[in-house]
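Quantities reported herein were computed from a predicted structural model and do not represent experimental measurements.
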Amino acid sequence: MVARKVRHAKKRGSFHLADYLGLTAREHAVLRRLSTPYRIQAYLNATPINHEVGGETVLSVREVIRQRRAHCIEGAMFAACALWVNGDPPLVMHLDCDLSDYPHVIALFKRHGAWGAISKTNGAPLRYRDPIYRTLRELALSYFHEYSNRRGHKTLRSYSVSFDLSRLEPEEWVTNPRSCWTAHDRLVALRHYPLISKKQERLLAKRDLFERRASKLVEYPKPETA
């Protein structure tokens, strides 16, 4: 319904994306400067991780800019919005995992027929992906080996269809002053496709001790609490 309204406005010649999204001139300028996927990724890398010290959040695009912090879904929504402002569709993917770990969300983009991803994470493995993957399954599998819990078990299990955030009202994920739980729940409820079978799951080797030690490196350490 939302995407249909956007298309109708474009046909009438009355559509201006910044106004539709409810962005201020400053917010729009921030997003417009991030004119390539790599620039978007660099901005997110320079944005401190959201440790959710005061409780769980799903910050909107506006709040990521204002608070200058983000975790995975917050970074993915920000990246999708920046892509949209610069001419790409605002696509995201939900990566689901074993109950012993946490899901992840990435923003998707396509170049010359191949998929790439923008990703906000505090560790080294689950980051930017160059646009070289022929399918979304290939892209999702590129995260498989390093996607692990603290005990070294590989936990990634499925990936969702791509979801176009233009299907949601901007108030739900772009300018929402509160946590965007509606957007979060839509992603969780998407159709997911398994990456491995149960038989394959039983054959998975744990990441070795060296890999587990290396995976503890983080970009933004959690602040010490009093």
Next on the checklist: Looking at R129 and S142, would you say the former's side chain and the latter's main chain have a donor-acceptor pair under 3.5 Å?
Outcome noted: yes
Checklist entry - Taking NZ, NE, NH1 and NH2 as the nitrogens, is one of them in R127 or E219 under 4.0 Å from a carboxylate oxygen of the other? => result yes
Item to check | Ion pair E201/K154, N-O distance below 4.0 Å | outcome: no
Checklist entry - Can you check side-chain contact (heavy atoms from CB on, under 4.5 Å) on H28 and L31, steps first, answer last? => result CA-CA 5 Å; H28 184 252; L31 297 171; 5.7 Å; no
Checklist entry - So do W173 and P90 actually touch side chain to side chain, heavy atoms under 4.5 Å? => result yes
Checklist entry - Under 4.5 Å between any side-chain heavy atoms of I73 and L187, yes or no? => result yes
Next on the checklist: Rounded at 0.5 Å granularity, tell me how far CG in L95 sits from SG in C72.
Outcome noted: 9.0 Å
Next on the checklist: Using a strict threshold of under 4.0 Å (side-chain N to carboxylate O), is an ion pair present between D101 and R157?
Outcome noted: no
Checklist entry - Is it true that the side chains of N176 and E172 contain a donor and an acceptor less than 3.5 Å apart? => result no
Checklist outcome for this item: When every non-hydrogen atom of K110 is compared with those of G113, the smallest separation belongs to CE-O, 3.7 Å
Checklist entry - Do the rings of H192 and H94 sit parallel, tilted or perpendicular, given the 30° and 60° boundaries? => result perpendicular
Next on the checklist: Check this for me: L209, atom CG, are more than 12 non-hydrogen atoms of other residues, nucleotides or ligands nearer than 6.0 Å?
Outcome noted: yes
Checklist entry - Would you find a donor on one side and an acceptor on the other, under 3.5 Å apart, between the side chain of E211 and the backbone of R207? => result no
Next on the checklist: Just so I know, are the side chains of S160 and M93 near enough to count as touching, which here means a heavy-atom distance under 4.5 Å?
Outcome noted: yes
Checklist entry - What pair of heavy atoms forms the shortest contact from V174 to L21, and how long is it? => result CG1-O, 3.8 Å
Checklist entry - Taking all non-hydrogen atoms of both residues, which atom of D96 and which atom of L156 are closest, and how far apart? => result O-CD1, 3.3 Å
Checklist entry - Could you walk me through whether L23 and L17 pass the side-chain contact (heavy atoms from CB on, under 4.5 Å) check? => result CA-CA 9 Å; L23 297 169; L17 184 58; over 6 Å; no
Item to check | Donor-acceptor pair between R32 and N86 side chains, under 3.5 angstrom | outcome: yes
Checklist entry - Under 4.5 Å between side-chain heavy atoms, hopping through other hydrophobics if needed: is there a path connecting L195 to V161? => result yes
Item to check | Carboxylate-amine/guanidinium proximity below 4.0 Å for K120 and E74 | outcome: no
Checklist entry - Rounded to the nearest 0.5 Å, how far apart are OG of S158 and CZ of R191? => result 12.0 Å
Checklist entry - If you look at every heavy atom in C97 and P103, which pair is closest and at what distance? => result SG-N, 3.5 Å
Next on the checklist: Quick one, S100 with N149, criterion side-chain hydrogen bond (donor to acceptor under 3.5 Å, both in side chains). Give me CA distance, side-chain angles, the key distance, then yes/no.
Outcome noted: CA-CA 7 Å; S100 65; N149 60 23; 2.9 Å; yes
Checklist outcome for this item: When rounded to the nearest 0.5 Å, the distance separating CZ of R213 from OG of S215 is 11.0 Å
Checklist outcome for this item: Closest non-hydrogen contact found for L139 with W115 is CD2-CB, 4.2 Å
Next on the checklist: Does any part of the side chain of V92, heavy atoms only, come nearer than 4.5 Å to the side chain of D164, both counted from C-beta?
Outcome noted: no
Checklist entry - If you look at every heavy atom in A114 and P131, which pair is closest and at what distance? => result CB-O, 3.3 Å
Next on the checklist: Any heavy-atom pair between the side chains of F78 and I65 that's under 4.5 Å?
Outcome noted: yes
Item to check | Exercise: do R68 and T47 side chains pair donor with acceptor under 3.5 Å | outcome: yes
Item to check | Stepwise side-chain hydrogen bond (donor to acceptor under 3.5 Å, both in side chains) check, H104 with S119 | outcome: CA-CA 9 Å; H104 191 56; S119 174; 2.7 Å; yes
Item to check | Rounded distance (nearest 0.5 Å) linking atom CD of E171 with atom CD of E169 | outcome: 5.5 Å
Checklist entry - Do V61 and I49 belong to the same hydrophobic cluster, where Ile, Leu, Val, Met, Phe, Trp and Tyr are linked whenever their side-chain heavy atoms lie under 4.5 Å apart, directly or via other members? => result no
Item to check | CA sep, side-chain torsions, deciding dist, call: T155, Y102, side-chain contact (heavy atoms from CB on, under 4.5 Å) | outcome: CA-CA 9 Å; T155 54; Y102 299 93; over 6 Å; no
Checklist entry - Is a side-chain N or O of H145 found less than 3.5 angstrom from the main chain of Y143, in a donor-acceptor match? => result no
Next on the checklist: Whether the R186 and T182 side chains hold a donor-acceptor pair (N or O, under 3.5 Å, no angle test) is what I'd like checked.
Outcome noted: no
Checklist entry - Are L59 and N50 side-chain neighbours, meaning at least one heavy-atom pair lies under 4.5 Å? => result yes
Checklist entry - Which distance, rounded to the nearest 0.5 Å, do you find between the CD1 of I106 and the OG1 of T121? => result 11.5 Å
Item to check | Qualifying residue, where the test is side chain to side chain contact (heavy atoms under 4.5 Å, CB included) with M77 and the options are L168, V105, V58 | outcome: V58
Next on the checklist: Quick check for you: to the nearest 0.5 Å, what is the distance between L204 atom CG and K206 atom NZ?
Outcome noted: 12.5 Å
Item to check | Check: Y159 and L190 side chains under 4.5 Å, non-hydrogen atoms | outcome: no
Checklist entry - Run the side-chain contact (heavy atoms from CB on, under 4.5 Å) check on Y43 and V30 step by step: do they pass? => result CA-CA 10 Å; Y43 181 95; V30 168; 4.1 Å; yes
Checklist entry - Same hydrophobic cluster for V218 and L126, using side-chain heavy-atom links shorter than 4.5 Å among ILVMFWY? => result no
Checklist entry - Do side-chain atoms of Q200 reach the backbone of S197 as a donor and acceptor pair under 3.5 angstrom? => result yes
Checklist entry - Hey, are the side chains of P48 and Y220 touching, using non-hydrogen atoms and a 4.5 Å cut-off? => result yes
Next on the checklist: Under 4.5 Å between side-chain heavy atoms, counting indirect links through other Ile/Leu/Val/Met/Phe/Trp/Tyr residues: same cluster for L136 and I132 or not?
Outcome noted: yes
Next on the checklist: Hydrophobic clusters here meaning ILVMFWY residues chained together by side-chain heavy-atom distances under 4.5 Å, can you tell me if W181 and F163 are in one?
Outcome noted: yes
